Amino acid sequence: MSTGTVFDLLYDLAKLDDTAIRTAVRRLLLLIPCDKGVQNAFDGLIASSPKSPQKSNSLDRKKLANSFDKIAGAGRSPKLSARFVKGHSPKPSKTDDFPSPSEPYDTPAERLKKLFDPKEPFRLLYNLEVLSSRLLPVTYNEESFESANRACRDFVSSNGVHVLTDLLRNDHLPPNLELGYRQEIFDRLLSILCYLLCGDSKLHDIVRSEKETDDRLKSEEETASDADTSRRTTSFGAAASSAAGNVGLSLANLEPPRSRLVTEIPVELYAAILASLQRFAWTAAAGMLSFSSQVELRSPNGSIQYAPSPRSRLSESSTGSGDSHDLQGAPTSVHSALLAGHTSPSQIDDDLTRAGLTLLIECILKRPADGPDEFFRLPFVNDFVLDLLLLTPSEQIRYWTEDQLLRMSFEATDGLVGRRLLDLLLKAHLPLWTTSSTVRGASRRLLEQCSEYFSLRSKLMESVPDEDLAALQPSPTQMLDDECNWLLNFNCSTDPRAADTDARLLAGHMQMIEALLKRVPERKAKVGQRLIHALVVEFLFPAAARISPDLQQQSLTPKSQRQARAADVRAKCQKSAGRLAAFRLLQELARGCKTNFSAIAHLLTSLHHESNPELGKQWDYAPLVDGAMDLGYIGLKNAGATCYMNSVLQQFFMEPGVAEYILSTELDDEDNVSRESVFVELQRVFGHLRESELEYYTPKSFWDVFRLWGQKVNPREQQDAFEFYTCLIDQIDTELKKHGREELFKKKYQGIFSDQKICHGCPHRYEREEPFYALNLPLRALGLEESLDQFVTGEILEGENAYLCEKCGQKRTTLKRMCVKSLPPVLTIQLKRFDYDWEEGRSLKFNDHFKFPRSLDMYPYTAQALSAIENVDDLFEMSSPSIPPNNSYGSGLGAGLQGSSLQVAGSPVTPGPFGGGGSNWSARLRRFSSSYGASFDEHSAKYDLVGMVVHSGQASAGHYYAYIKERREDASLNGNFNKWLKFNDTTVEEVEMTDHLLETECFGGRYTVKNDNKMSMYPEERERYWNAYLLIYEKADRTSKGGKSLRHRSSPYSAKRSISVNISGPTPPSNKQARRRDSLSELAALVEQGELTNLFKGGASIPPRLREEIRDENLKFARDRDLFNKDYFKFAAALVDGAIYSKDLDEESAADATKFAVHFCVNLAWHTRKTLRGDALAFSDRICTLLKHSRVACNWIFTEFGQEPGNKFIDDFLFNCDTADARYAFANILKAAFEHGALYLRTDTPQDVRPDRHADDLITHAISLIRKEAADRWAISDAFFGLLHSYAALGPAACQHLLNRGAFRALLGFLVTVPAKNVDGIEKMSRRWTHAQARDFGDVWCALALIITACDLQQFNNTKAVSAVAPPSGVASPERKKLLPSSSDVYDVVVGWMMPGFVKEIVWALANVPNTQDCLTDLVVHAAYGNVNFSRAFLSEALDALADFPSNELRRIFHVVAGLITRVDD
């Protein structure tokens, strides 16, 4: 078979109505060598090119013509299949035929048009791929590049660029062409145009760097090798970046002529290219590539309209690229489709849009002289920019549009491009200045997608040259005033769905204000006066403002204070985007403006960073900051083993009417109600489940009060959920009855058993009623209905077991049975899965498979059902062959026997007329009813399954959780009505209760697991240890068939207020429905606002004391949620950094920044977890930098921490703080304050030291802690002793201060036990710490050494020639500074009675305490100078150490000895 025949066959196969075959043909064409006919056709362009006359003469024109006609499909015009082109089969056209070889050959441009005939899209796509492989080779050799360059030149000279541009603008592809092929054709077109016009592959790399290509395109990437071409599929989405990238590597060296093509083409063609790229990008962004040649860019009806009429919205519908492509539904214009929101571009559309837009901007930048002008002359260019920036639903496209427009503005040599773009944005009439996001239609969509618009506008505003700033209309000052007015008047929507829209809108406007402030910084002070308080109090921290003590100081009555706290405390900036924008705006206001910084710092400190007793002893503090889950339900905290409580409490709370009654009932003289009232605590639990805004509630007080069978429960010990259910019901109803209230659970959950005994042989029957709150069913049956059959099974008492009839006085054969006389509204069924093995002494759990229905009819198990057929004659003898046939039983006995599977001596008896021995009594009753004309359905008592308590685990240990169906009226508002929810302690999630889920999660039994690991020890058949334990059924007639709740209409209160309105659905709503929906949203918002302000009477359903308690908790939660987040912590650091790096930093500004930073750290940040606050030392470095610049700040540190109550921070951070970085950070602040602010430490006369009063108080308090706290908290005293060491290192004045305050004796007493002064005291001195403990006390030894070496010890010299010898040159050298007069404490350890013991401790410390070698060497050398006794004592102890210490610990001792013996003093 010839090559041409093979390709003909493949082309014909591609026309079949089979997508799989067509895809296989494509892949095969990519793998085999290129079609020679296509190659010859492209070579024909070269042969006829005027630039290649020699090659034209050497070619066989007839052969080329024949091959070109063959490839172009001359004379055939093949039709596309119905599958390939839905409903479209173009007819053959004579104009499509090529001229015969004998006829004059047409021009290269005409040949290209026939080669790229859009009527055959499959061939068109293949020909584009072949052209791409010829123009963009992948081999690394000069010959390939030269061949590609020659092919580019010949293709361009044949008017190829014009042909491709026309195809991009007016594709003329079949209207119903499959979208995938249309997108791939455009993909190839863009890649070829990009390379031809711009000469490099930078565009491909840019597009691919943003987002990886669609997986479908990646899967189609195929490679093939050919002996002649070595080609590869090229596309923006797949291999094009690789191929073009390789080509791009060579451009720097080869510099082909095509790289300047866009700069050399005529203006008319250049403008046409820009227009084509604009149209393509616009259409692709709208997802309307299917209509690209049928629709206008926009309707020529005047100015832009961003609020289309309802009529236009309905008539101009478009399903976008991803939906059906019926031309009858095509929109009138791209702009109108975007405006109406009827577009849905796919990911491929996004990639193509970004590629087309990038190529458009690249072409503009390549021609700086006229490119920008031609761009702004494009038709509807304003609409084009705004549509891609605002209206397209793809966030990727909007971001890319912003990025490319900024690129054009910054890289264009014409400096007016940015100004022209800014004018375009400023003059657009957009609904982005509405004071609320509660708008509809296109305006709502614009608000949701405005982020990129504001970002571009702000960045352009910042980049406008100063000389053009004054020419802007309106002026920057006017724009700034307008933005501030808008911000102050903005009202957030009460609809939670609009929170993201509010955040984007607020962030955009705040970004604009920030940009304007950078251009007019002289307005910062005035703007700060207007905005700072509003930003902090209303937009960021409204809850903290309500709690602030300043509110209490105002002249408000207690009622007014409660109303203020009850006001809406939701921050206007609820989402992260809005909060970050507000923080950035505050930073900009503070930057370079001392007034604004002081105002911000003071306001934040007063709200958050005053002394907080709650945090005083808290470290690694992490409050609950997660709010209620999206579904609107609150979880319950598990204390370790209280899951049995949580699952039952949630069942009661979700039962309509229970929570409402509990919450609305107030006991008499409530103030005198016992604090251990279970009812009050249950009220508290339900109140929090209803009104709390936290993720979960911790019922600690309920755990403390509840008694299980009279015993206090241990929260860490698991109990039985059914026992808790029973005890809770009993205790609540008892307490309600005690206070004269109606018993709640008795009315809702209590039914009545009937224990019947029906005598045989006499007309007597006996019945005893017994109330029940649950049916207790064993697992002897396979399902619930069968178990209920066994539950009502009767037993015949006869013979010796016959019953003694009390009325007759004779033993009678008797039927004994149990049935239900009265059914409760809510039926609870306990499945008896737990038992106790008395022989083995252990608890058991039965995980048997037990099936229960969603709908249960309890009528067959009631006394009424059993009496339905009691008048049937001879029923007893037909039911029991053991009874004599001649009998005179009354009707009552017949009624008793017909409903039971009778048992005689414990054995079941086959029933008579109702079918042979089946256990389904309900089915037999139906057959009986139909036989005797009775109506079964009218007496039915149907129940629906509404809840389950599931136990997972073993009998001795496990976990409880609950499944509950939402049945309350108000749940229909938030879309949760009739939904199943899973309550698992603190988490609440929605589940789809399918039959499969019900069986796998609740029925128990066994299941099989496929185990591929043959070595596994686990069996393939395993047991489901999670199964239902309690079943909750509710009467079906309490809910209407339409789904609207009819259960508790009389109750005006809902157990949980609605939080959202679900408007999602499978089909888009009509315009009328949309208006109705928006109206309902506004009404819901008003209702919610009324609830917040207690406008409705329903707000009184909770007792006032409980409402106030929950409101205060919600306030605290709202404050913590706004405060304990990384955004605020980063803002605080950035605010301080702004002050540090400000050009105008002075002492007062540094002091203000120091105060804010210190309050922020010691009252908040350093009490929290490191994951939230970061490294504490990093923030302390900022504070130390500020202290270095401000002596005022240092004095404030002394004042703040040197006296009450500030000195408690020294105790807390240096002795109670468990986090090391926080301890060292606090100590570093005090060190820096002493180093840069204590002037008395710089005096030359240390004996006349007069320290500042507050600095002296601080040191005195610190020294007092050595005796009070250091001994008890020695393990974390490292930072404290490091502080004293650093203070002593500041010089003689500091050492004198420490001596004066008794620090030396205190430090020495910390290390050793100092005895009373006597002759034998040496022997009584003892070490207080073990070897391991003492290793951490290096700073103590260093502080002692510094004090000793700062003292003048020459008066203690006992050598004769000491004055003739130079003293030591250490820190205590008189040549360097004047020494301190020695004190009695120093005398005692250097010369006096404690000297031998002190020297012994020095030697021990040298061997065992790290980081003490240098300081102790100075101490020994200084003390031994002229002191024979000290020298002898030290050398003696050093010699003894040779025997006592390991050799590796003697190095430091030898170092000191070497220093001592080399110092000559006598």
Side-chain angles (χ1 to χ4, degrees), residues 306 386 389-390 402 418-419 421-439 443 446-464 466 468-493 501-540 571-575 577-593 595-596 599-600 1131:
Y306 284 95
L386 293 173
L389 200 60
L390 268 169
E402 176 199 351
R419 164 71 186 279
L421 281 174
L422 182 59
D423 286 338
L424 185 154
L425 299 179
L426 292 177
K427 294 178 181 179
H429 299 286
L430 301 171
L432 301 180
W433 278 261
T434 175
T435 57
S436 174
S437 61
T438 309
V439 293
S443 297
L446 289 174
L447 299 183
E448 294 172 349
Q449 302 172 177
C450 66
S451 299
E452 291 74 22
Y453 168 84
F454 280 112
S455 178
L456 177 62
R457 180 170 170 171
S458 301
K459 293 173 182 176
L460 290 175
M461 178 64 69
E462 294 179 16
S463 63
V464 171
D466 293 337
D468 295 337
L469 196 62
L472 291 178
Q473 291 297 328
S475 66
T477 302
Q478 181 61 44
M479 283 190 282
L480 184 59
D481 291 338
D482 293 341
E483 291 290 342
C484 292
N485 292 333
W486 179 91
L487 191 64
L488 293 173
N489 292 322
F490 180 77
N491 296 312
C492 289
S493 173
T501 304
D502 289 341
R504 294 189 183 97
L505 189 60
L506 283 171
H509 284 281
M510 290 180 184
Q511 190 175 5
M512 275 301 304
I513 298 176
E514 181 184 354
L516 290 167
L517 286 173
K518 293 179 180 178
R519 302 315 307 267
V520 284
E522 65 276 5
R523 301 273 299 176
K524 283 188 177 182
K526 185 175 181 180
V527 173
Q529 292 177 358
R530 299 184 61 190
L531 295 186
I532 288 176
H533 188 273
L535 286 173
V536 173
V537 173
E538 297 178 20
F539 288 82
L540 292 171
K572 290 186 177 181
C573 296
Q574 300 180 46
K575 298 293 184 176
R579 296 180 63 83
L580 290 175
F583 288 139
R584 286 194 300 267
L585 179 54
L586 287 173
Q587 292 175 39
E588 183 60 34
L589 286 169
R591 187 178 293 113
C593 183
T595 304
N596 287 349
I600 295 171
F1131 161 72

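Owing to the predicted nature of the structure, the values given are computational and were not obtained by experimental measurement.
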I would like to know whether Leu516 and Val527 meet side-chain contact (heavy atoms from CB on, under 4.5 Å); could you show each step before the answer?
CA-CA 11 Å; Leu516 290 167; Val527 173; over 6 Å; no
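- Summarising the geometry of Leu585 relative to Glu514, their closest heavy-atom pair is CD1-N, 4.0 Å, with the distance given to 0.1 Å.
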Is there a side-chain contact (heavy atoms from CB on, under 4.5 Å) between Trp486 and Leu432 once you walk through the steps?
CA-CA 10 Å; Trp486 179 91; Leu432 301 180; over 6 Å; no
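- Between the side chain of Ser458 and the backbone N or O of Phe454 there is at least one donor-acceptor pair closer than 3.5 Å.
- Side-chain contact check for Leu446 versus Tyr453: every heavy-atom pair is 4.5 Å or farther apart.
- Of the inter-residue distances, the one linking Leu426 atom CG with Leu421 atom CG reads 11.0 Å to the nearest 0.5 angstrom.
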Evaluation steps, salt bridge (Lys or Arg N to Asp or Glu O under 4.0 Å), between Glu588 and Arg591:
CA-CA 5 Å; Glu588 183 60 34; Arg591 187 178 293 113; 2.4 Å; yes
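- Contact check for Leu488 versus Glu538: no side-chain heavy atoms found under the 4.5 Å cut-off.
- Shortest non-hydrogen contact noted between Ala599 and Ile532 is CB-CD1, 4.2 Å.
- Within 6.0 Å of NZ in Lys518 there are more than 12 heavy atoms belonging to other residues, nucleotides or ligands.
- In this structure, Leu586 and Val536 have side chains that are in contact, with non-hydrogen atoms separated by less than 4.5 Å.
- Within the 3.5 Å criterion, the main-chain N or O of Leu390 finds a donor-acceptor partner in the side chain of Gln449.
- Within the model, atoms CG of Leu505 and OG of Ser493 stand 11.5 Å from one another, a figure rounded to the nearest 0.5 Å.
- Minimum heavy-atom separation, Leu386 to Ala428: CD1-CB, 3.5 Å.
- The only member of Arg579, Met510, Gln574 that meets side-chain contact (heavy atoms from CB on, under 4.5 Å) when paired with Phe539 is Met510.
- Interatomic distance, Thr477 OG1 to Arg519 CZ, rounded to the nearest 0.5 Å: 11.5 Å.
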Take Leu425 and Leu389 through the test side-chain contact (heavy atoms from CB on, under 4.5 Å) and record every step on the way to the result.
CA-CA 10 Å; Leu425 299 179; Leu389 200 60; 4.1 Å; yes
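- Here Cys593 contributes atom SG and Ile600 contributes atom CD1; the two are 8.5 Å apart, rounded to the nearest 0.5 Å.
- A donor-acceptor pair is defined here as one N or O able to donate and one able to accept, closer than 3.5 Å; such a pair exists between the side chain of Asn596 and the backbone of Lys524.
- When every heavy atom of Ala507 is checked against every heavy atom of Ala581, the shortest pair comes out as CA-CB, 3.5 Å.
- Rounding to the nearest 0.5 angstrom, the gap separating the CG atom in Leu480 from the CE atom in Met461 is 10.0 Å.
- A perpendicular orientation is assigned to the rings of His509 and Trp433, their planes being inclined by more than 60° (bins at 30° and 60°).
- Residue Ala582 comes nearest to Cys573 through the heavy atom pair CB-SG, 4.2 Å, listed as atom of the first residue, atom of the second, then distance.
- Counted by atom type alone, Asn489 and Thr435 present zero donor-acceptor pairs between their side chains at under 3.5 Å.
- The backbone N or O of Leu506 lies less than 3.5 Å from no partner atom in the side chain of Lys572, so there is not a single donor-acceptor pair.
- Across all their heavy atoms, Leu447 and Pro431 have their closest contact at CD2-O, 3.4 Å.
- Here Glu462 contributes atom CD and Arg457 contributes atom CZ; the two are 13.0 Å apart, rounded to the nearest 0.5 Å.
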